[in-house]
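Remarks on the structure that follows.
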Amino acid sequence: MVVVIPLQYKIASWNVNSVTARLEHLLQWMQDFQPDVVLLQELKGVEETFPFAAVEALGYTAAVYGQKAYNGVAIVSKHPLTAIKKGIPNFTDENARYIEAVVADKFTVASIYVPNGQDLDSEKFTYKMAFYQGLTAYLATIRTAEKPYILGGDFNVAHQPLDCYAPEKFKNRLLCSQAERLALQQIINLGFTDTYRVFHQDTRAFSWWDYREGRFDRDEGLRIDYLFTTPEATDLLVESGIDTLPRGLLKPSDHTPVWCTIVVSI
DNA sequence: ATGTCCCTTGGAAAGGGA
């Protein structure tokens, strides 16, 4: 007799805008939300300053790719992390924007922080497009990987008009331009799934609100944080969502956690 | 319309990035 035990894993992604400044929020949220895996972006610090002891006290382990002052990504997990990769393979980038690891020997997760791009006519925008090209080239190689793969992070693109509070105002502007939307679409075209939309097809929901102009209070935001799954991981999806609670706290990150749950049988 | 927050330098306030 074969006994199949289904195990659920809750995977979240959160751009914390400095892990040091957001430590209390992060720890409280982890205790309340109980994610199995948290993908972090914008640590804004080197690995030496990451709060390993604090997350370990809550029963988590962490893989960190840090950088002084800017960027920085991490994977925080209740389950063992192996096969850790820092940086997108075969893409040269001086910034710490991608980290990947296998969780519990069952599935692969990655945390990504895509460049903001500054302005459509800036050198930083060219870098953003090159970054997407490098990312897409890598994703084309791993989508046939044997383990389910989940890529979460700040993609700095609102995929569709529904993902923006003022589509007309943002038309052809940074985060909503044709070029950026096409770059994101190319990932979807490889077979990746935007896990939020699987369970919330027509919901206007956001993951980031500008600090200025009281944008959060007016719910004037953009959905620029995503969890993407390969077909093997999409098959395991049972739920997804956005937790807006942390964005309403005092001294919040400008982003809030996005999450999905998968079921894995052992 | 440039309104907020965080980091760094350098030891206060200002610039850069988002």
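Chain letters run A, B, ... following the sequence lines, proteins first, then strands; residues in each count from 1.
- Under the rule for a side chain to side chain donor-acceptor pair (under 3.5 Å), the partners of N189(A) that lie at least two apart in sequence or sit in another chain are Q185(A).
- Going from the C1' atom of dG16(B) to that of dT2(B) covers 14 Å, rounded to whole Å.
- Distance, R215(A) CZ to dT4(B) P: 12 Å, rounded to whole Å.
- Identified under the ring-ring contact (aromatic ring centres under 6.0 Å, His included) test for residues 12-51 of chain A, with sequence neighbours left out: W14(A)-W29(A), W29(A)-F33(A), F33(A)-W259(A), F50(A)-F52(A).
- Rounding to whole angstrom units, CZ of residue R173(A) and P of dT2(B) are separated by 13 Å.
- Rounded to whole Å, the P atom of dG3(B) lies 14 Å from the corresponding atom of dA14(B).
- To the nearest angstrom, P of dC7(B) lies 12 Å from CG of L23(A).
- Using a 4.0 Å cut-off between charged side-chain N and carboxylate O, R223(A) and D194(A) make a salt bridge.
- Nearer the 5' end of DNA chain B, as judged by each residue's closest nucleotide, is the contact made by E213(A), out of E213(A) and A21(A).
- Applying the side chain to side chain donor-acceptor pair (under 3.5 Å) test to S177(A) and every residue at least two apart in sequence or in another chain returns E180(A).
- For the OP1/OP2 pair of dC6(B) and a distance below 4.0 Å, the side-chain nitrogens and oxygens of R22(A) include at least one atom meeting the criterion.
- When the side chain to side chain donor-acceptor pair (under 3.5 Å) test is applied to Q186(A), no partner is found at least two apart in sequence or on another chain.
- The side chain to side chain donor-acceptor pair (under 3.5 Å) test applied to Y9(A) returns K106(A), not counting sequence neighbours.
- When the P atom is compared between dA1(B) and dC6(B), the two are found 27 Å apart, to the nearest whole Å.
- Across the protein-nucleic acid pair, L250(A) atom CG and dC5(B) atom C1' stand 13 Å apart, rounded to whole Å.
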Fill in: Base-contact (B) and sugar-phosphate-only (S) positions in nucleotides 8-18 of chain B, heavy-atom cut-off under 4.0 Å, - elsewhere
SS-------BB

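- Nucleotides dC5(B) and dG10(B) have their P atoms positioned 26 Å apart, rounded to a whole Å.
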